[in-house]
Amino acid sequence: MYDNRPRPRGDDWKFKDRSKMTRAQKVIVDRKILNRSAAEYDYPKLQGKVPVNLEWSQHMTLFPLAMIPIVARWLFMRLTGWTVHPVILYMLTVVFNSHFTRQHFYRLRRYVETYGFLDGEVERDSIPESMVGKLYNEMLNGLLGRPLMVIFLSYDRTKLPTLSWWLPLQLAVFTIIADFVYYWVHRATHEIPWLWKFHRLHHTTKHPSSYLLGFADEPQEFFDALGTPILTYLAYPIGFDAFYIWSLYFNSIEIMGHSGVRAYYPGVLTSILLRPFGAEIVVEDHDLHHRFGWRDSHNYGKQSMLWDTLFGTASNRVETRAENIDWDSRVQ
Ligand SMILES: [Zn+2]
Ligand SMILES: [Zn+2]
């Protein structure tokens, strides 16, 4: 067992004298990455039916923002006749993605402060001082690595930005393939004894928060951030702009999946297709994977429950089971 595992009230270090903080600690406090602890904020402990945040509502907040860099590049190319060098595009993308991700973090924090957490009697885990540097590096690696991968694999500076009318289907298929890769690698780390050591750290949190999504041993971090998307892209290459939108959405779903928000909050890219088969993923699915999952586990998918449903590893929901959903109450 790790001594440095995330735990409730693990983040007391954030109250210490600022002059004694490391650079990583200052950045994490200044950017308001952490949730407020139960001592700082009285999270609602709701018992009744859960509200919903359906896909169209999620798209309304995510899609217009995701389109800004694409429209901006299209306008720039049309108006000037110039192209955008990949290095310039990379730098701009890192800045924009940082903004996009932070907005999503803040949105989810507003939701948990309004609707509370799943298993709300138990305080969510936080990050101990000894692991802040690691958390900071993970965030930096994700922020710098994914856009680099997307641009390196798919960017052609001579092409005007283009999106297909089939974009929703393209992104859904891409996500289902990515989740197939993720499902089997994730399941293997649980079931093959010598692979467990690469995944154990991620499971030291039983009640995660959004910022713990990448809290993992380095091989897992690398494979989750880059390995899965690269293998998926090689199997199903899509255009740069679609791939870029997918990378933003993919990250948003990972953040949402670790948020613990007490709502029926489905994965935005595949749930319309999969809900009729009862195979859509919601926040509670991965939350239960953390809460009850150790070596012997279930709910291995992170973007859908399709593969868990097909291969018999899906578990029953507790608070977001069908009869406990209030379809008329919308998360906002
Ligand atoms: Zn796991
Ligand atoms: Zn997780």
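Order of listing sets the numbers, starting from 1, for every ligand and every atom in it. Values below: every heavy atom of this structure, side chains too, minus hydrogens, waters and symmetry copies.
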Checklist entry - Hey, what's the angle at the Zn ion (ligand 2) spanning NE2 (H202) and NE2 (H290), nearest 10 degrees? => result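 Centred on the Zn ion (ligand 2), the NE2/NE2 angle is 100° (to 10°).
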Checklist entry - Is any N, O or S atom of H286 under 2.8 Å away from the Zn ion (ligand 2)? => result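 Coordinating: yes.
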Checklist entry - Taking the Zn ion (ligand 1) as the vertex, how big is the angle to NE2 in H190 and NE2 in H186, rounded to 10°? => result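 Value, to the nearest 10 degrees: 100°.
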Checklist entry - Given NE2 of H289 on one side and NE2 of H203 on the other, what angle do they make at the Zn ion (ligand 1), to 10°? => result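 Between NE2 of H289 and NE2 of H203, at the Zn ion (ligand 1), the angle is about 90°.
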Item to check | N/O/S atom name from H199 that is nearest to the position of the Zn ion (ligand 1) | outcome: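 Considering only N, O and S atoms, H199 comes nearest to the Zn ion (ligand 1) through NE2.
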Item to check | Donor-acceptor pair, side chain of S98 and main chain of V94, under 3.5 angstrom | outcome: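 Such a contact is absent between S98 side chain and V94 backbone.
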Checklist entry - Does any N or O in the side chain of D217 come within less than 3.5 Å of the main-chain N or O of P219, such that one atom is a donor and the other an acceptor? => result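 Between the backbone of P219 and the side chain of D217 there is no qualifying donor-acceptor contact (under 3.5 Å).
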Checklist entry - Hey, does R321 have a side-chain heavy atom less than 4.5 Å from the side chain of N324? => result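 Of all side-chain heavy-atom pairs linking R321 with N324, at least one is under 4.5 Å.
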Checklist entry - Any Lys/Arg nitrogen of K302 or D179 sitting under 4.0 Å from an Asp/Glu carboxylate oxygen of the other? => result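 Salt bridge between K302 and D179, a charged N being under 4.0 Å from a carboxylate O: no.
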Checklist entry - Got a second to check how far R187's CZ is from Y182's OH, nearest 0.5 Å? => result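 The CZ atom of R187 sits 14.0 Å away from the OH atom of Y182.
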